[in-house]
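Presented below is the structure to which this report refers.
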Number of protein chains: 2
Amino acid sequence: MSKRIQKRDATLSKQRIITHAVELFSQKGYASASMDELARRSDLNKAMVFYYFKNKKGLYEAVMREVLLEIQKSILEENKNYNTPQEELESFIRTYAKFAFTHPYLPSLLLKELSDSGAVIHEMLFISMRQLFALFCDILKRGEEKGCFREVQPMVVYFMVLGTLNLMVTTHSLRLKASQLDDIKVDTCANCSSEEIAAYVLDNIERIIHKEISQ
Amino acid sequence: MSKRIQKRDATLSKQRIITHAVELFSQKGYASASMDELARRSDLNKAMVFYYFKNKKGLYEAVMREVLLEIQKSILEENKNYNTPQEELESFIRTYAKFAFTHPYLPSLLLKELSDSGAVIHEMLFISMRQLFALFCDILKRGEEKGCFREVQPMVVYFMVLGTLNLMVTTHSLRLKASQLDDIKVDTCANCSSEEIAAYVLDNIERIIHKEISQ
DNA sequence: TCTATAATTAACTAACCAGTTAATTAGTTA
DNA sequence: TAACTAATTAACTGGTTAGTTAATTATAGA
C-alpha cells in the first residue's frame with residue numbers, strides 16, 4: 001500500500017518487474033509464481049505487469065531471455081581472452097561455474113525448464129541454449145583437429161559439465177543437511193567452494209577428453 | 001461420466017490413482033497437476049483421491065516413494081549379481097540408465113525436485129536418494145581400497161552420472177528437434193539408444209576414476 | 001498553458017483449485 | 001435378511017488465480 005515515492009520511469013518499472021520476477025520464478029517455478037505476489041514484491045500495481053509484458057508467459061520469456069543472454073555474454077566475453085582449445089574449455093567451465101554459483105537462479109530456472117523438455121518456453125530457451133552448446137562443440141572440434149582432444153560425444157560431455165554444476169548449485173542446502181546427519185557417513189561436498197567444484201569438474205572433464213593423460 | 005464397470009476394489013482404485021498421478025506429476029509438475037484432472041484421467045471421483053491420500057502433498061509423497069523405491073530395488077537387485085567394484089559400478093550406471101529411459105517419469109520427477117532443493121518433499125526423497133548415493137560411495141571406496149580406482153569426490157562423480165543420464169532423458173524431444181534444424185550443425189545425440197548413451201557415460205566415468213588408463 | 005500520450009491505479013471478473021460434506025451404494029458378516 | 005462398514009458419489013465452499021477495464025494521474029512537447 002506504500003505510495004510510490006519515485007517519479008514515473010517506464011524502463012525502471014520494467015526492470016523492477018524483471019528483477020523480482022527472476023527471483024520469484026526461480027524460487028517457486030512458473031506455475032506457483034503468482035502475479036499478485038510479484039506486484040507486491042516489486043511494489044507496483046499488478047496491472048503494470050500485464051501492461052509491460054502482455055501476460056505471464058510473456059514475462060517468463062523476458063525473464064529467461066535476460067538470464068540466458070547474461071550467461072551467454074559472460075562466457076563469450078571471457079572466451080575472447082584465450083586462444084587455445086584447452087584454455088577456452090577451462091574458461092568455459094570456470095566462467096559457467098562462477099556465474100551459476102553467484103546467480104543461483106540460473107541453475108534453478110534452467111533445470112526446471114530442462115526437466116520438462118522446455119515446457120513453457122521451447123523456442124527461445126532453445127535457441128540461446130543451442131548457441132552456447134555450439135560454442136562448446138566448436139572448442140571440442142578445434143581441440144580435436146589440433147590433436148590434443150580425443151573424439152567425444154559433445155552432447156554427453158556438455159551435460160556432464162552443465163548438469164553437474166547446476167545440480168551442485170541447486171542441491172547445496174540439501175547437501176549441507178545431509179552432511180550434518182550422521183546415520184550414514186557420506187561426503188556430500190557440502191563445504192566445497194565454487195572454485196573447488198569448478199576445478200574438480202574441470203579436472204574430470206580433462207581426463208575424459210585429453211589424449212595424453214598425465215597420471 | 002462413464003459409470004464404473006468394475007466391482008469395488010480399494011487397492012485397485014488406489015493403484016489407479018497412483019499410476020495416473022505418476023504420469024500427471026511428471027508431465028505437469030506438482031503445482032500444475034490438478035486433482036480434478038487426475039480424477040478424470042483415473043476415471044474415479046475426485047473425493048477418492050482425498051479419501052485415500054488425505055491431501056495433494058500426501059499423494060505426491062506416495063508417488064515419489066513408489067518411484068524411488070522402484071529404482072532403488074532395481075539397482076540393489078542387479079548389484080547382487082556382481083562382486084568387483086568395477087562390475088558393480090558398471091551395473092549401477094547401466095541399470096539406472098535402462099530404468100530412466102524406460103520410465104522417463106523418474107528423471108522428470110527427480111530433476112523437478114532437485115531443481116528446488118527438494119521443494120515439496122525434502123525428508124523422504126532425501127532418505128531414499130541418500131541410500132542410493134551411499135551405495136555408489138561404497139562401490140567407489142572399495143574400488144579405492146582394492147587399488148583399482150583413484151580417489152575422487154563422490155558427490156561430483158555421482159551427479160556426473162545421474163545429472164547427465166537424467167538430462168539425456170528429459171531433453172530427448174528437444175535434442176531431436178535441434179538435430180532437424182540446420183542453421184547450426186551440432187550433434188545432439190538425438191538418435192543414440194539408451195544403451196549407447198549408458199555405454200558412453202560409463203566409458204567417461206571410467207576414464208575419471210580408473211588408475212591405469214588404457215589408451 | 002493547453003494537449004496528447006504514457007504510466008499508473010483500484011476494482012472487477014470468470015475460471016480454477018484443493019479440500020469438505022453428507023448422502024448413497026455395494027460387500028461382508030452375523 | 002438385517003446390520004454394519006468400506007467404497008463411492010454429486011454438489012458444494014472459500015480462496016486464489018491470470019487477466020481486464022475504465023478512470024486517473026503525471027509528463028513532455030507545441
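Being a predicted model, the structure only gives us computed values, none of them experimental. To find a chain, count down the sequence lines: A is the first, B the second, and so on, and within it residues start at 1.
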How long is the line joining OH of B/Y52 and P of D/dA7, in whole Å?
5 Å
Calculate the interatomic distance between B/L59 atom CG and C/dG19 atom P; express it in whole Å.
10 Å
Taking the nucleotide of DNA chain D with the nearest heavy atom to each, does B/K46 or B/A10 sit closer to the 5' end?
B/A10
Might you point out which heavy atoms bring A/V63 and A/A21 nearest each other, and give the distance in Å?
CG2-CB, 3.6 Å
Side chain of A/M48 (C-beta onward), nearest among C/dA7, C/dA10, C/dG19:
C/dA7
Does a nitrogen or oxygen in the side chain of B/S13 sit under 4.0 Å from OP1 or OP2 of D/dT8?
yes
With a cut-off of 6.0 Å (strictly less than), are more than 12 heavy atoms of other residues, nucleotides or ligands near CG of B/N81?
yes
Student check: side-chain heavy atoms of A/H20 and A/L24 closer than 4.5 Å:
no
Report the nucleotide, chosen from D/dT8, D/dT25, C/dT21, that has the shortest atom-to-atom distance to any side-chain atom of A/R8.
D/dT25
Tell which nucleotide pairs with C/dA30, taking only Watson-Crick or G-U wobble pairs whose two distances are both under 3.5 angstrom.
D/dT1
Check whether any side-chain heavy atom of B/R16 lies under 4.5 Å from a side-chain heavy atom of B/L12, and answer yes or no.
yes
Between B/F53 (CZ) and C/dT20 (C1'), how many Å, whole number?
18 Å
Round to the nearest Å and state the distance from A/L44 atom CG to D/dG19 atom C1'.
17 Å
Heavy atoms only, 4.0 Å cut-off, all strands: where does B/A33 land among base, sugar-phosphate and nothing?
sugar-phosphate
Counting only side-chain N and O atoms of B/Y51, is one of them less than 4.0 Å from OP1 or OP2 of D/dA7?
yes
Measure across B/F149 and B/L140 and return the closest heavy-atom pair with its distance rounded to 0.1 Å.
CD1-O, 3.7 Å
Nucleotide C/dA18, atom P - distance to CD1 of B/I17 in whole Å:
14 Å
Can you find an N or O donor on one side and an acceptor on the other, under 3.5 Å apart, linking the side chain of A/D9 with the base of C/dA7?
no
Calculate the interatomic distance between A/K56 atom NZ and C/dA15 atom C1'; express it in whole Å.
14 Å
Whole-Å distance, B/F50 CZ to D/dT9 P, equals 15 Å
In whole angstroms, the gap separating P of D/dT17 from OH of A/Y60 amounts to 18 Å
